[in-house]
Amino acid sequence: GTWIPEAIEIGLWHVNQEANEAEVDQVILIGDAPANTPELVARGRKEYKGESYWQSTEKFAEKIYAEDELKTLAERGIPVHAYYVVSSSPTASFFKHCADVTEGESAFLDVNSEHGAQMLTHKVTEQVLKSVAKHNDSVNADELIDDYRRRFGGRGFL
């Protein structure tokens with residue numbers, strides 16, 4: 001609810017670090033503001049302890065930018081499903097961009113409704129079913145997802 005950019009780039013960077021060690025199938029991004037711009041990253045580092053401090057850290061010596069992290073996720077085939085909880089133009093545009101770059105999905109998420117909870121449940125479940133099929137040649141992802149949808153609904157949410 002701050003109406004200012006968030007450090008989403010750090011979250012995306014963390015996912016890429018995790019993907020170096022283990023398989024990551026998807027990212028669920030929920031938020032109310034876009035990521036910091038490159039200008040805001042530079043300004044934040046300067047104003048909070050100074051650039052020399054950040055360059056001396058092991059993890060954050062290099063500046064981290066959302067676009068770079070999204071590109072890496074896309075190259076790895078990791079979709080970002082980006083749900084925005086406020087419909088402001090910059091927020092919605094950024095979240096849609098995240099999904100477009102990584103071949104994920106994006107939508108407004110009403111966190112105060114059952115519909116929102118169902119939408120997230122279906123998205124996560126369907127991605128898990130795709131992963132099961134990816135690791136088991138005898139299982140067809142489309143059949144698993146179709147069966148899931150018949151039993152529990154879904155897909156009418158996005």
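- How far OG of Ser131 is from CG of Leu144: 11.0 Å, rounded to the nearest 0.5 Å.
- Applying the 4.5 Å side-chain rule to ILVMFWY residues, one finds Ile8, Leu12, Val15, Val24, Val27, Leu29, Leu70, Leu73, Ile78, Val80, Tyr84, Phe94, Phe95, Val101 in the same cluster as Phe108.
- Taking CZ of Arg149 as the start and CD of Glu126 as the end, the distance is 4.0 Å to the nearest 0.5 Å.
- Interatomic distance, CD of Glu67 versus NZ of Lys71, reported as 10.5 Å (0.5 Å rounding).
- Not counting sequence neighbours, the partners of Arg151 by the side-chain hydrogen bond (donor to acceptor under 3.5 Å, both in side chains) test are Asp147.
- Applying the salt bridge (Lys or Arg N to Asp or Glu O under 4.0 Å) test to pairs two or more places apart or on separate chains, those with a residue in residues 41-61 are Arg43-Glu47, Arg45-Glu51.
- Residues meeting the side chain to side chain contact (heavy atoms under 4.5 Å, CB included) test with Ser56, sequence neighbours left out: Tyr53.
- The minimum heavy-atom distance linking Pro90 with Pro34 is given by the pair O-CB, 4.1 Å.
- The side chain to side chain contact (heavy atoms under 4.5 Å, CB included) search around Ala42 returns Lys63, not counting sequence neighbours.
- Sorted by first and then second residue, the salt bridge (Lys or Arg N to Asp or Glu O under 4.0 Å) pairs involving residues 133-142 (not counting sequence neighbours) are Glu23-Lys134.
- Of all heavy-atom pairs between His81 and Gly104, the closest is ND1-CA, 3.7 Å.
- A search for side chain to side chain contact (heavy atoms under 4.5 Å, CB included) contacts involving Thr121 returns Thr125, Tyr148, not counting sequence neighbours.
- Under the side-chain hydrogen bond (donor to acceptor under 3.5 Å, both in side chains) criterion, Asp110 pairs with no residue at all, not counting sequence neighbours.
- Glu6 places no side-chain N or O within donor-acceptor distance of the main-chain N or O of Gly31, the cut-off being under 3.5 Å.
- For Thr37, the side-chain hydrogen bond (donor to acceptor under 3.5 Å, both in side chains) partners at least two apart in sequence or on another chain are Glu39.
- Of all heavy-atom pairs between Ala66 and Ala35, the closest is CB-CB, 3.7 Å.
- Contacts of Ile30 classified as side chain to side chain contact (heavy atoms under 4.5 Å, CB included), with partners at least two apart in sequence or in another chain: Ile28, Tyr83, Val85, Leu109, Leu120.
- Partners of Ser138 by side-chain hydrogen bond (donor to acceptor under 3.5 Å, both in side chains), not counting sequence neighbours, listed by chain and number: Asn136.
- Side-chain contact between Val41 and Pro38 is absent, with no heavy atoms from C-beta onward closer than 4.5 Å.
- For the residue pair Gln127 / Asp25, no side-chain donor-acceptor distance below 3.5 Å is found, with atom types taken as modelled.
- Put simply, Tyr48 and Leu40 are part of two different groups of oily side chains (I, L, V, M, F, W, Y) that touch within less than 4.5 Å, one to the next.
- Under a hydrophobic clustering in which Ile, Leu, Val, Met, Phe, Trp and Tyr are joined whenever their side-chain heavy atoms come within less than 4.5 Å, directly or via other members, Leu129 and Phe152 fall into the same cluster.
- From Glu105, atom CD reaches atom SG of Cys98 across 14.0 Å, with rounding to the nearest 0.5 Å.
- The nearest pair of heavy atoms linking Gly116 to Ser113 is N-OG, 3.1 Å.
- Under the side-chain hydrogen bond (donor to acceptor under 3.5 Å, both in side chains) criterion, the residue pairs touching residues 11-21 are Asn16-Glu69, Asn16-Arg76, Asn20-Arg76, with sequence neighbours excluded.
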